Amino acid sequence: MAQGALPGFRDFYPEQFAERAYIMDVWRRVLRRYAFSEYDGPPLEPLDLYRKKSGDELVGQLYSFTDKGDREVTMRPEMTPTFARMVAARANSLRKPVRWFSIPQLFRYERQQKGRLREHFQLNADIVGEASVTADAELLSIALDIMREFGLTSSDVRAGVSDRRLLQALVLEAGASEDALSAVYAVIDKRGREPVAISREKLEKAVGSSHVADKIDEFLGITDIDNLFQRYGAVESIAQHLDRLRAYFQYLNALGFADWVKLDLSIVRGLAYYTGIVFELFDTAGEYRAICGGGRYDTLLETLGGVDLPALGFGMGDVVVGELLRSRGMIPATPPRTDYWVAGEEEALTPQVMSVAAELRRHDRSVEYSLKPQQLSRQLKSAAAAGASHAVILKTERFAAGEVTVRNLEAGTEQSMPLEDFINSL
RNA sequence: GUGGCUGUAGCUCAAUCGGUUAGAGCACCGGUCUGUGGCACCGGGGGUUGCGGGUUCAAUUCCCGUCAGCCACCCCA
């Protein structure tokens, strides 16, 4: 058996490529509706670009090596640092807000599993230079619009929404110390993926008090912004974040996505650089990992590029989206890609077959013909197998008189006409 | 990186208790068809049974290792 692709990498045969192209077409179509511009960067980057943000710990999961110039390089594991660098370099001259998207192929050296390979294509959409919550609503609207464009509804996919600032205020209000925050976030992030008792135990350990853990458990269970407001609206440190989140929901309602969004304070996002509203998209059946995740990262451009600009963005991978759509039969079949199959009654007509094919191609038609001498019946069999919608048949005597026969392969009907008339009718 | 399950033709699968030349359908190529496709019938190519080793008179079958795939963990693009 022939050696396959490397583990975690995919060969895209035409059928799979068609699926990938469909997904990317939808992404581009929707992003253009939101007036985003497409960009790209290098697939290979200096290792330091990622060290700076995540530390040496994550370096072990990068697809990195030393190049022939003795540089430590890595296949890009994410797009945000590249994006931040590019924006920072031209920060002063770019019209704000910057609305850019990209569809990079990303790499990570990890053992593959469902919905996760060593390589994937990920839509990245980011907005830079706008701190107000309208931008957050606009951003989530894009991700949801993509779901809708795929044919999914709010009963298929939901967005869970939270806010790091709100969560922090609530956790502090519950009585946890600042030092405990990151440990608490880690526990909250895992909630739902491990047994309740273990989660609870870890939470108590993180905050050092069962009373505080009780209070955290209490607000995590609230999934309605109004309930949260009733309970904590009087607390000044919390109320300001609730007001913002309320506006966020109001804007999403105005954008037409009220049914798709729900408050979920357990959404933290693993990445440390998020600073505000964060969200994740899930399939409601719970079969797949998160379809999409993103949020606000107002300090990252400062950290990476030395430019103080608020920013927010999301990523959506092709693997989970493809699995979801495929399982529901929602990827459109590839339409027949051949318009005309030109067939000659005998081998001597080969140059004429080529001339007709060339003329059709000059008219932007997709054209194929038999590259080896074949009986007419065989040629038509090939035409049918190729999914050609029409055959153009050159018969020796008729073609000498300037006529071709155009056969509709789907209907089984055919018509003879002067070649000129046929070409002019295109 | 850790653990569990699984590997036979391009795909889906078969092969008695370990038994001698590993089969079938689909797909592909061709023939019937000096001429207008899909159907039908017939034929053809395609396998180191993932790979390596062991046990045995004999291994697709049993054992070990390895590689790959799937699933979970870790982690989250």
Side-chain angles (χ1 to χ4, degrees), chain A residues 1-11 13 15 43 45 50 53-54 57-63 74-83 102-124 186 189-190 193-194 198 267-274 280 287 289-294 313-320 323 336 338 341 343-349 370 372-398 404-416:
Chain A
M1 194 181 286
Q3 183 75 41
L6 285 169
F9 287 80
R10 297 170 287 177
D11 287 327
Y13 288 86
E15 308 86 90
E45 291 277 19
Y50 308 98
K53 200 185 77 181
S54 28
E57 189 180 326
L58 275 172
V59 169
Q61 297 184 333
L62 298 179
Y63 224 104
T74 183
M75 307 289 283
R76 60 185 172 194
E78 58 169 327
M79 197 58 179
T80 305
T82 302
F83 171 74
S102 187
I103 307 182
Q105 189 174 22
L106 304 178
F107 306 87
R108 194 142 195 185
Y109 198 88
E110 276 191 304
R111 191 134 165 193
Q112 63 172 318
Q113 56 183 295
K114 187 181 182 188
R116 183 160 199 169
L117 308 172
R118 284 183 172 178
E119 146 276 322
H120 74 154
F121 290 92
Q122 188 193 60
L123 169 66
N124 275 250
D189 191 35
K190 275 237 167 56
R193 282 176 300 182
E194 62 187 7
I198 292 182
I267 288 174
V268 176
R269 303 287 299 148
L271 292 175
Y273 55 69
Y274 288 109
E280 286 182 356
E287 291 174 54
R289 61 179 67 243
I291 298 164
C292 167
F314 71 79
M316 182 188 297
D318 72 311
V319 178
V320 176
E323 283 174 353
T338 306
W341 189 288
E345 192 175 18
E346 56 186 6
E347 191 180 351
L349 285 166
S370 297
K372 63 181 173 188
Q374 279 184 319
Q375 293 173 4
L376 187 54
S377 66
R378 183 61 61 185
Q379 294 179 59
L380 289 169
K381 190 176 267 191
S382 300
S389 52
H390 292 82
V392 179
I393 302 167
L394 276 52
K395 297 192 229 186
T396 309
E397 287 180 21
R398 277 187 179 275
V404 295
T405 300
V406 180
R407 182 175 179 84
N408 182 324
L409 291 171
E410 282 142 34
T413 58
E414 67 178 36
Q415 197 183 351
S416 292

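Note on naming: letters A, B, ... go to the chains in the order of the sequence lines (proteins, then strands), and numbering restarts at 1 for each one. In this text the structure is predicted, and so the values were computed from the model without any measurement. The basis for the numbers below is simple: all heavy atoms, side chains too, and nothing from hydrogens, waters or symmetry mates.
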Colleague: Under 4.5 Å between any side-chain heavy atoms of Phe314(A) and Leu123(A), yes or no?
Modeller: yes

Colleague: Is any side-chain heavy atom of Pro81(A) closer than 4.5 Å to one of Glu45(A)?
Modeller: no

Colleague: Considering only the P atoms, how many Å lie between G7(B) and C64(B), rounded to the nearest integer?
Modeller: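 Approximately 15 Å lies between the P atom of G7(B) and that of C64(B).
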
Colleague: Quickly work out the Leu62(A) CG to C75(B) P distance and round it to whole Å.
Modeller: 16 Å

Colleague: If you define the side chain from C-beta out and look only at heavy atoms, does anything of Pro77(A) sit under 4.5 Å from Tyr50(A)?
Modeller: yes

Colleague: I need the Glu78(A) CD to Leu106(A) CG distance, nearest 0.5 Å.
Modeller: 8.0 Å

Colleague: May I ask you to decide if Glu110(A)'s main-chain N or O and Arg118(A)'s side chain share a donor-acceptor pair within less than 3.5 Å?
Modeller: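 Looks like yes, one N/O pair under 3.5 Å.
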
Colleague: Using the C1' atom as the reference point in each nucleotide, state the distance between A15(B) and C73(B) in Å, no decimals.
Modeller: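 Nearest-Å result for A15(B) against C73(B) at atom C1': 38 Å.
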
Colleague: Are any of Gln61(A)'s side-chain N or O atoms less than 4.0 Å away from OP1 or OP2 of A77(B)?
Modeller: no

Colleague: Does a distance-only test, which skips hydrogens and angles, find a donor-acceptor pair under 3.5 Å between the side chain of Arg378(A) and the base of G35(B)?
Modeller: no

Colleague: Check whether any side-chain nitrogen or oxygen of Gln379(A) sits under 4.0 Å from OP1 or OP2 of U36(B), and answer yes or no.
Modeller: no

Colleague: So with a 6.0 Å cut-off around CD of Glu347(A), is the heavy-atom count from everything else above 12?
Modeller: no

Colleague: Which residue, Asn124(A) or Gly8(A), contacts RNA chain B at a nucleotide closer to its 5' end, judged by nearest heavy atom?
Modeller: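 It is Gly8(A), whose closest nucleotide lies nearer the 5' terminus.
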
Colleague: Within this structure, what is the CZ-to-C1' distance between Arg118(A) and C76(B), rounded to whole angstrom?
Modeller: 15 Å

Colleague: Measure from the side-chain N and O atoms of Thr405(A) to the backbone N and O of Gln415(A), and report whether any donor-acceptor pair falls under 3.5 Å.
Modeller: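 Checking the backbone N and O of Gln415(A) against the side chain of Thr405(A), no donor-acceptor pair under 3.5 Å is found.
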
Colleague: Looking at the side chain of Arg108(A), which of C33(B), A77(B), A72(B) is the nearest nucleotide?
Modeller: A77(B)

Colleague: Expressed in angstrom and rounded to an integer, what is the separation of Glu110(A) atom CD from C76(B) atom C1'?
Modeller: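 Between C1' of C76(B) and CD of Glu110(A): 7 Å.
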
Colleague: Take Arg398(A) and Ser416(A) through the side-chain contact (heavy atoms from CB on, under 4.5 Å) test and state the conclusion after the steps.
Modeller: CA-CA 9 Å; Arg398(A) 277 187 179 275; Ser416(A) 292; 3.8 Å; yes

Colleague: Atom CG in Leu349(A), atom NZ in Lys395(A): separation rounded to 0.5 Å?
Modeller: 12.0 Å

Colleague: When you compare A58(B) with C71(B), how far apart are their C1' atoms, in angstrom units rounded to a whole number?
Modeller: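 Nearest-Å result for A58(B) against C71(B) at atom C1': 37 Å.
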
Colleague: Take the protein atom CD1 of Ile267(A) and the nucleotide atom C1' of C76(B), then report the distance between them rounded to whole Å.
Modeller: 15 Å

Colleague: Which nucleotide sits closest to the side chain of Gln122(A): C71(B), C74(B), A77(B)?
Modeller: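 In terms of side-chain proximity for Gln122(A), the closest of C71(B), C74(B), A77(B) is A77(B).
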
Colleague: Both Lys395(A) and Gly115(A) contact RNA chain B. Taking the nearest nucleotide for each, which residue is further toward the 5' end?
Modeller: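 Residue closer to the 5' terminus by nearest nucleotide: Lys395(A).
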
Colleague: Work out how far the P atom of U61(B) is from that of U48(B), and round it to whole angstrom.
Modeller: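 Comparing P positions in U61(B) and U48(B) gives a spacing of 15 Å.
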
Colleague: Can you tell me the distance, in whole Å, between the CG atom of Leu106(A) and the P atom of C75(B)?
Modeller: 21 Å

Colleague: Indicate whether OP1 or OP2 belonging to G30(B) is found under 4.0 Å from a side-chain N or O atom of Lys381(A).
Modeller: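 Checking Lys381(A) against G30(B): no side-chain N or O falls below 4.0 Å of OP1 or OP2.
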
Colleague: Between C73(B), U32(B), G37(B), which one does the side chain of Gln375(A) approach most closely?
Modeller: U32(B)

Colleague: Find the distance between CD1 (Ile291(A)) and CD (Glu280(A)) and round it off to the nearest 0.5 Å.
Modeller: 10.5 Å

Colleague: Can you tell which of C73(B), A77(B), G37(B) lies closest to the side chain of Leu380(A)?
Modeller: G37(B)

Colleague: For G53(B) versus G44(B), give the span between their C1' atoms, rounded off to a whole number of Å.
Modeller: 37 Å

Colleague: Can you confirm whether more than 12 heavy atoms, excluding those of Glu397(A), are under 6.0 Å from its CD atom?
Modeller: no

Colleague: Want to know the stems of RNA chain B: at least 3 consecutive Watson-Crick or G-U pairs with distances under 3.5 Å, which are they?
Modeller: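 Stem list for RNA chain B: B:1-7 with B:67-73, B:10-13 with B:23-26, B:28-32 with B:40-44, B:50-54 with B:62-66.
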
Colleague: When you compare the side chain of Glu287(A) with that of Glu323(A), does any pair of heavy atoms fall below 4.5 Å?
Modeller: no

Colleague: Which nucleotide in the list U36(B), U32(B), A77(B) gets nearest to the side chain of Arg116(A)?
Modeller: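 The answer is A77(B).
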
Colleague: Rounding to the closest angstrom, what is the interatomic distance between A22(B) and G47(B) at atom C1'?
Modeller: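 Comparing C1' positions in A22(B) and G47(B) gives a spacing of 9 Å.
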
Colleague: Are there any protein N/O atoms within less than 3.5 Å of an N/O atom in nucleotides 42-46 of chain B, and if so, which ones and at what distance?
Modeller:
none

Colleague: If I pick the P atom on C51(B) and the same atom on U8(B), what distance separates them, to the nearest angstrom?
Modeller: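 Result for the P pair: 10 Å, nearest Å.
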
Colleague: Measure from the side-chain heavy atoms of Glu345(A) and tell me the nearest of U36(B), A77(B), G35(B).
Modeller: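 The nucleotide sitting nearest to the side chain is G35(B).
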
Colleague: Could you check Glu119(A), His120(A), Arg76(A) and say which one makes a side chain to side chain donor-acceptor pair (under 3.5 Å) with Gln105(A)?
Modeller: Glu119(A)

Colleague: Have a look at Gly344(A) and say if it touches a base, only the backbone sugar-phosphate, or nothing, with a 4.0 Å heavy-atom cut-off.
Modeller: nothing

Colleague: Looking at G30(B), G35(B), C75(B), which one has an atom nearest to any side-chain atom of Lys372(A)?
Modeller: G30(B)

Colleague: In whole angstroms, how far is the P atom of U34(B) from the CD atom of Gln374(A)?
Modeller: 12 Å

Colleague: For G35(B) and G50(B), measure between their C1' atoms and round to the nearest Å.
Modeller: 47 Å

Colleague: How would you label the contact of Leu117(A) with the nucleic acid (heavy atoms, under 4.0 Å): base, sugar-phosphate, or nothing?
Modeller: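 Base, at least one base atom sits under 4.0 Å.
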
Colleague: Please tabulate, one pair per line, each protein N/O and nucleotide N/O from nucleotides 2-7 of chain B that are separated by under 3.5 Å, including the distance.
Modeller:
residue, atom, partner, partner atom, Å
U2(B), O4, Arg111(A), NH1, 3.3
G3(B), O6, Arg111(A), NH2, 3.4

Colleague: Once you round it to whole Å, what is the distance between C1' of C70(B) and CD of Gln112(A)?
Modeller: 9 Å

Colleague: Just so I know, are the side chains of Asp318(A) and Ile103(A) near enough to count as touching, which here means a heavy-atom distance under 4.5 Å?
Modeller: no

Colleague: Thr396(A) vs Glu346(A), test: side chain to side chain donor-acceptor pair (under 3.5 Å). Steps then yes/no.
Modeller: CA-CA 7 Å; Thr396(A) 309; Glu346(A) 56 186 6; 3.0 Å; yes

Colleague: Distance check needed: C76(B) C1' versus Met79(A) CE, whole Å only.
Modeller: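 After rounding, the gap between these two atoms is 19 Å.
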
Colleague: So Gly293(A), base contact, sugar-phosphate only, or nothing? Heavy-atom distance under 4.0 Å.
Modeller: nothing

